[in-house]
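Here's the structure we're looking at; comments come further down.
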Amino acid sequence: MRRTAVPAALAVLACAALAACGADYAGNGSSKARAGVADVQERVTGVDWGECDLQAMFQGEELDAAAAAWAEALECGSIRVPVDYEDPGGLQVRLAMVRHPATSADRTGSLLVNPGGPGGSGIELAQHPFLPDAVTAAFDVVGFDPRGVGQSADLTCGSEDAFDAAVTDVYTADPAAITDAQTEALKTGAQDFSGECAQEEDPLFLDNIGTMNVARDLEVMRAALGDDQLTYLGYSYGTYIGQMYLYLYPHKVRAMVLDGVMRTSGSVLDVAEGQATGFQTAWRDFAAYCLTVDGCPLTSADTADAELTAILTRAQERVGGEITVADMLDMVAQSLYSEAKWPALETVLAGAASGTLEQFVQDLQDLAGGAGGAARIPPIPLPQRDSDADFYGVQCADRDNPGHFGAYRSSAEAAYGNSALFGAGISWSYLPCATWPADEPNPSKVDGRGAATTVLVGNTGDPATPYAWAESLAEDLDDAVLVTYEGSGHTAYALGHECVDAPITAYLTGLTVPQQDLRCPQELG
C-alpha cells in the first residue's frame with residue numbers, strides 16, 4: 001500500500017499547534033542537550049489533562065464491563081518538546097499521552113508504560129486494563145506515543161511495496177543461492193524506500209527520532225507529571241528506552257521493570273541473528289508441546305521444520321491468491337509470541353495437515369492477530385513486511401549499521417543457518433538500514449550506576465528477545481535482579497504467572513526487590 005506522507009516539518013508544526021489548545025552521551029548532544037532538557041522542564045510544568053474521545057480511541061471495539069469502566073476513567077493530554085534538545089526553542093513535537101488515575105486514595109505516583117516496537121503505541125497499551133489491581137490502585141497508569149509514533153507525529157514515508165515483495169521472494173531461500181535478479185530487487189527496493197523517506201521527511205526529524213531523545217522525552221514527562229523519580233515498565237523495545245534513561249538519568253529512577261530485554265550492543269544484523277535463534281527455539285518448544293497432543297500434525301522434533309513447510313506449501317497451492325508461504329510463516333512466528341496460543345496453533349495446523357484448508361489462512365491470520373486466548377502482547381520487535389517507517393526510523397538510526405549489501409547477505413546466511421524457517425527473512429528485512437538517511441548510534445553498554453535496583457524479566461524461550469540478552473544486561477548493570485520465566489512466549493509480567501507477577505508487583509508498589517536469580521516454572525494452563 002502506497003502511503004501519502006505529510007512532510008515532517010509540517011507534521012510536527014501541526015502537532016505544536018494542537019498542543020497550544022546522569023551524564024549525557026557525548027556523541028548525542030552532550031551538555032547542550034542536557035541544558036535543553038532542563039530548559040524544557042522549566043517550561044513544561046504540567047500536563048493539561050482532559051476527556052478522551054472514546055469513540056475515536058476504541059473505534060467500535062466491544063469492551064467487557066471491566067474494560068468499559070477503565071475506559072470511562074481515562075484522561076488524555078499532551079506536552080510539547082523540541083525535536084532537537086540542542087535547540088529547545090526550535091521546532092516542537094507534540095507527545096500524546098493517556099492516563100488512568102490511581103484507583104486508591106493512597107496514591108504512590110505515576111507509572112509510565114511502553115509496549116515496545118519501535119512503533120508500539122503506549123496509548124493503545126494503557127487504554128486497556130492489563131496490570132494487577134495492586135498496581136492500578138497505587139499508580140496513575142500513563143501511556144505515551146513516543147516521538148514519530150501514532151499520535152506523536154507518526155513517521156510515514158515512502159512505499160515499501162517493492163521491498164516487501166523482494167523480501168517475500170527470498171524469505172525461505174538459501175541466501176547463498178539467490179539469483180542476481182533477486183539481489184537487485186532487494187537492493188533497489190531497500191534503497192528506494194529509504195530514499196523516499198529522505199526526500200519526504202524533514203531531516204531534522206529523522207535525525208532526532210532515535211531512542212536517546214525518547215529517553216529525554218521520558219524525563220520531561222516525569223517532571224511534568226510531578227514525580228520526583230521515575231517509575232517505569234517497559235516491554236520489548238520499551239526496555240531499550242529504559243536502558244537509555246538509565247544511561248542519562250540513573251539518579252532519577254525510583255523503580256524500573258524491563259521485560260523482554262532488547263540488546264543495545266551491535267548492529268541490526270547482530271540483533272537479526274539472535275532473533276533467528278530465538279524464533280527457532282520457540283518453534284522447537286512449540287513442536288515439543290505439540291508432540292504431546294493427540295492429533296498433532298508433527299511426527300518428531302527432527303522433522304518438524306520440514307513438516308511445517310509442507311503444510312504451508314500445500315495450503316498455498318490450494319488457496320492460491322496473494323498469500324505466500326512467507327506470509328504464513330510470519331503468521332506462525334507471530335503466534336509463537338504467546339504460549340496461550342499454542343493449543344489453537346496446534347489445532348489450526350492439524351486441520352490443514354488433514355486437508356481442511358477452507359478456513360486455514362483466515363484462522364491463521366486471526367491467531368496471529370490476537371485470537372487464541374492470548375492476553376496483551378507487546379508489538380513484535382522485528383521489521384515486519386508492510387511495517388511502518390517509524391520502526392526503521394528508530395532501529396536504523398540507533399545503531400552503527402553496515403552500509404554495504406554484502407554484510408546483509410552474510411548475516412542472512414548466518415541467520416538461515418540458525419533457522420531455515422525464519423532466519424534469512426529477518427536479516428533481509430533490515431536492509432533499508434544500509435542506506436537509511438539518519439545515523440546517530442547510541443551507547444552500546446549501560447551500567448546504570450547510581451540507579452535504584454532494576455528488575456529484569458526474561459523468558460528462556462523468548463522468540464524475539466532471546467534470554468541471553470537479559471542475562472547480559474543483568475551482568476552489565478551495577479544493580480539489577482533477573483526474574484526468569486522458564487517458558488516460551490515474549491515477555492511474562494502481567495500475563496497471569498503468579499510466580500512472576502507477585503514479586504514484581506511488590507517491587508513496583510513497595511520497592512521490595514525480588515530475590516536474586518528467581519526462577520519461575522512454565523505454566524501452560
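The figures that follow rest on heavy atoms only: side chains count, while hydrogens, waters and symmetry mates do not.
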* Asked: Are side-chain N/O atoms of Tyr337 and Asp462 paired as donor and acceptor at under 3.5 Å?
  -> no
Give me the ring orientation class for Tyr485 and His497: parallel if the planes are under 30° apart, tilted from 30 to 60°, perpendicular past 60°. parallel
For the residue pair Tyr249 and Gln229, confirm or rule out a side-chain donor-acceptor distance under 3.5 Å.
-> no
Does any non-hydrogen side-chain atom of Leu111 lie less than 4.5 Å from one of Tyr232?
no
Taken to the nearest 0.5 Å, the spacing of Trp469 CH2 from Thr239 OG1 works out to 9.5 Å
Worksheet entry | Asp106, CG: over 12 other non-hydrogen atoms inside 6.0 angstrom | no
Centroid-centroid distance, Tyr235 to Tyr493, less than 6.0 Å = no
| field | Flag side-chain contact, heavy atom, 4.5 Å: Asn401 against Gln395 | value | no
Heavy-atom distance under 4.5 Å between the side chains of Thr211 and Gln243, does that happen here?
no
Value for CD1 (Ile209) from CG (Leu204), rounded to nearest 0.5 Å, stands at 11.5 Å
Heavy-atom closest pair (Leu206 atom, Cys197 atom, distance to 0.1 Å) is CD1-O, 3.7 Å
- Between the side chains of Ser194 and Thr435, is a donor N or O closer than 3.5 angstrom to an acceptor N or O? yes
| task | Please confirm whether the backbone N or O of Ser488 pairs with a side-chain atom of Asn459, one donor and one acceptor, at under 3.5 Å? | result | yes
Flag the pair Arg80 / Arg43 as yes when at least one side-chain heavy-atom distance between them is below 4.5 Å, and no otherwise.
yes
Review point. Does any non-hydrogen side-chain atom of Pro82 lie less than 4.5 Å from one of Gln92?
Key: yes
task: Give a yes-or-no answer on whether the side chains of Thr231 and Arg254 include a donor-acceptor pair shorter than 3.5 Å.
output: yes
Rounded to the nearest 0.5 angstrom, the CZ-CG distance for Phe144 and Asp217 is 8.0 Å
message = Within the 4.5 Å heavy-atom criterion, are Leu112 and Leu230 side-chain neighbours or not?
response = yes
One should read off an interatomic distance between Leu367 CG and Leu336 CG, to the nearest 0.5 angstrom, of 9.5 Å
Is it true that a side-chain atom of Arg147 and a backbone atom of Asn208 form a donor plus acceptor pair closer than 3.5 Å? yes
Distance-only, no hydrogens or angles: does the Thr264 side chain make a donor-acceptor pair with backbone N or O of Ser444 under 3.5 Å? yes
Heavy atoms of Gly120 and Val149 approach each other most closely as O-CG1, 3.6 Å
Open item on the list: Given 3.5 Å as the limit, does a donor-acceptor pair link the side chain of Ser104 with the main chain of Arg107, or not?
Closed with: no
| message | Are the side chains of Val483 and Leu456 in contact, using a 4.5 Å heavy-atom criterion? | response | no
So does Ala494 get a backbone contact from the side chain of Asp501, meaning a donor-acceptor N/O pair under 3.5 Å? yes
| Backbone N or O of Asp164 within a donor-acceptor pair of the Thr168 side chain at under 3.5 Å? | yes
Exactly one candidate in Trp70, Trp49, Phe130 meets ring pair (Phe, Tyr, Trp, His ring centres under 6.0 Å) with His100; the answer is Trp70
Do Gln334 and His490 pair up side chain to side chain, a donor and an acceptor below 3.5 Å, judged on atom types alone?
no
One should read off an interatomic distance between Ile123 CD1 and Arg99 CZ, to the nearest 0.5 angstrom, of 13.5 Å
*asked:* Quiz question: by atom type and distance under 3.5 Å, do the side chains of Tyr237 and Thr465 form a donor-acceptor pair?
replied: no
- request: Check whether the side chains of Ser267 and Tyr430 place a donor and an acceptor atom closer than 3.5 Å, and report yes or no.
  value: no
Quiz prompt | Asp145 (side chain) donor-acceptor with Ala96 (main chain) under 3.5 angstrom | solution = no
message = Tell me whether Asp259 contacts the main-chain N or O of Ala492 through its side chain, where contact means a donor paired with an acceptor under 3.5 Å.
response = yes
Next on the checklist: For Asp87, is the CG atom crowded, meaning more than 12 foreign heavy atoms sit under 6.0 Å from it?
Outcome noted: yes
Value for CE (Met256) from CG (Leu477), rounded to nearest 0.5 Å, stands at 9.5 Å
Is Thr505 reaching over with its side chain to a backbone N or O of Ala502, donor-acceptor style, under 3.5 angstrom?
-> no
Closest heavy-atom pair, Leu431 versus Ala190, reported as atoms and distance to 0.1 Å, is CG-CB, 3.7 Å
**OP:** Go through Glu219 and Arg216 one step at a time and tell me if the salt bridge (charged side-chain N to carboxylate O under 4.0 Å, His left out) criterion holds.
**Re:** CA-CA 5 Å; Glu219 169 62 4; Arg216 294 186 178 110; over 6 Å; no
Flag, side chain of Arg94 to backbone of Ala153, donor-acceptor distance under 3.5 Å: no
